[in-house]
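Take a look at the structure set out below.
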Protein chains: 2
Amino acid sequence: MRDDDNTEEVTLGRIETEVALLMRLGEATRRATGTAEHRVLDRAAYVILRHLDQAGPQNVSALAARLNLDGSTVTRQVSALQRDGLIARTPDPADGRGTVISPTPAGLQRMAAVRAARTRLYGDILAGWTSDDRDTLADMLHRLNEALDARNRRR
Amino acid sequence: MRDDDNTEEVTLGRIETEVALLMRLGEATRRATGTAEHRVLDRAAYVILRHLDQAGPQNVSALAARLNLDGSTVTRQVSALQRDGLIARTPDPADGRGTVISPTPAGLQRMAAVRAARTRLYGDILAGWTSDDRDTLADMLHRLNEALDARNRRR
DNA sequence: TGATTTACCTGTACGATACAGCTATCTGGG
DNA sequence: CCCAGATAGCTGTATCGTACAGGTAAATCA
């Protein structure tokens with residue numbers, strides 16, 4: 001193995017380690033932070049509302065495909081969200097099999113509150129960082145997600 | 001709100017978004033990739049072995065504290081690992097209540113195999129990236145984890 | 001030495017998820 | 001126009017990771 005290959009290997013190993021650690025810490029942070037105030041919206045519900053807000057009302061299948069989740073999972077999560085009045089189901093006028101999921105005002109408001117709380121949390125966590133570093137972090141995460149997503153869709 | 005505050009806010013929002021997305025994609029990737037070959041070692045087991053390998057044999061409580069997990073969770077995971085012959089429990093000679101957990105050779109080998117597979121996976125995912133970008137990504141993730149960890153411990 | 005703390009385990013519960021199988025609906029080739 | 005297959009969504013069931021509460025045994029401290 002040449003030196004180049006080796007340093008590449010080391011970097012990949014570091015990335016692997018850090019991503020694993022981030023998933024773990026992220027979970028822990030969510031648990032620790034969430035319980036008090038914005039556990040009112042668990043992880044899955046939050047991403048669903050985020051996506052509906054950003055991409056507009058859509059049916060369960062589209063949601064599932066976009067979020068890399070099984071349809072049954074989304075069905076249940078949507079049911080819970082509906083029970084809590086955070087989304088509404090309307091029959092799809094163009095397809096009798098489908099139902100269109102849209103966020104309710106309450107859902108959007110709840111989502112925004114959680115989002116704001118999380119943003120504040122990151123402000124706290126990254127308090128000592130420069131603007132440049134924060135930008136770089138955001139860019140790198142974005143590019144990593146793109147790469148991961150591309151890979152997931154390819155398979 | 002001044003402009004500066006606003007752009008800061010935007011960046012924090014991006015970071016929040018990207019971390020949430022990464023957690024989701026990471027899970028999806030783990031599920032998709034894992035089933036075939038290295039589902040032989042689920043997420044929790046892998047981090048435990050990683051930590052034992054890196055920080056040396058230790059008892060359940062220390063492990064739980066380090067991994068931000070409840071003791072009962074670690075107890076069960078350790079039991080599963082022991083059942084599979086990947087770790088060994090020995091009574092703590094210095095404390096009759098404790099048991100020291102150490103990885104077995106089989107455990108280390110299994111861990112290394114998973115690690116290698118994941119490293120390969122990242123090599124695949126980041127195939128188009130320059131060395132510099134990979135380094136930057138690794139650095140940023142590392143710093144983010146440090147910040148998260150510091151914050152978790154503070155609370 | 002007795003009270004408190006610590007280390008671990010067990011019972012129980014919950015959330016997130018997948019897969020298999022069901023029904024209702026849609027769609028395209030004869 | 002009609003039926004065969006595809007698709008959308010739901011329900012049953014199972015698994016994993018996790019937490020919390022409560023129990024027992026050992027350690028420690030006043």
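Note on naming: letters A, B, ... go to the chains in the order of the sequence lines (proteins, then strands), and numbering restarts at 1 for each one.
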Rounded to the Å, how far apart are [X] [atom1] and [N] [atom2]?
{"X": "A:Leu25", "N": "D:dG17", "atom1": "CG", "atom2": "P", "answer": "18 Å"}
{"X": "A:Tyr46", "N": "C:dA16", "atom1": "OH", "atom2": "C1'", "answer": "18 Å"}
{"X": "A:Asp92", "N": "C:dT27", "atom1": "CG", "atom2": "C1'", "answer": "15 Å"}
{"X": "A:Glu27", "N": "C:dG15", "atom1": "CD", "atom2": "P", "answer": "14 Å"}
{"X": "A:Leu69", "N": "D:dC10", "atom1": "CG", "atom2": "C1'", "answer": "16 Å"}
{"X": "A:Ile48", "N": "D:dG9", "atom1": "CD1", "atom2": "P", "answer": "13 Å"}
{"X": "A:Met23", "N": "D:dT18", "atom1": "CE", "atom2": "P", "answer": "11 Å"}

On a heavy-atom basis, which atom in [X] and which in [Y] lie closest, and how many Å separate them?
{"X": "B:Ser79", "Y": "B:Arg89", "result": "OG-NH2, 3.2 Å"}
{"X": "A:Leu86", "Y": "A:Leu49", "result": "O-CD2, 3.8 Å"}
{"X": "B:Ala106", "Y": "B:Gly85", "result": "CB-O, 3.9 Å"}

Problem - Short side-chain N/O contact to D:dC16 OP1/OP2 from B:Gln77, under 4.0 Å - result: no
Handout entry: Per-nucleotide protein contact string for nucleotides 4-9 of chain C (B base, S sugar-phosphate only, - none; heavy atom under 4.0 Å)
Key = --BSSS
Handout entry: Salt-bridge present (A:Asp84, A:Arg110; N to O < 4.0 Å)
Key = no
Practice task
Check whether any side-chain heavy atom of A:Asp139 lies under 4.5 Å from a side-chain heavy atom of B:Met140, and answer yes or no.
Solution key: no
Practice task
May I ask you to test the A:Arg14-B:Asp135 pair for a side-chain heavy-atom distance under 4.5 Å?
Solution key: yes
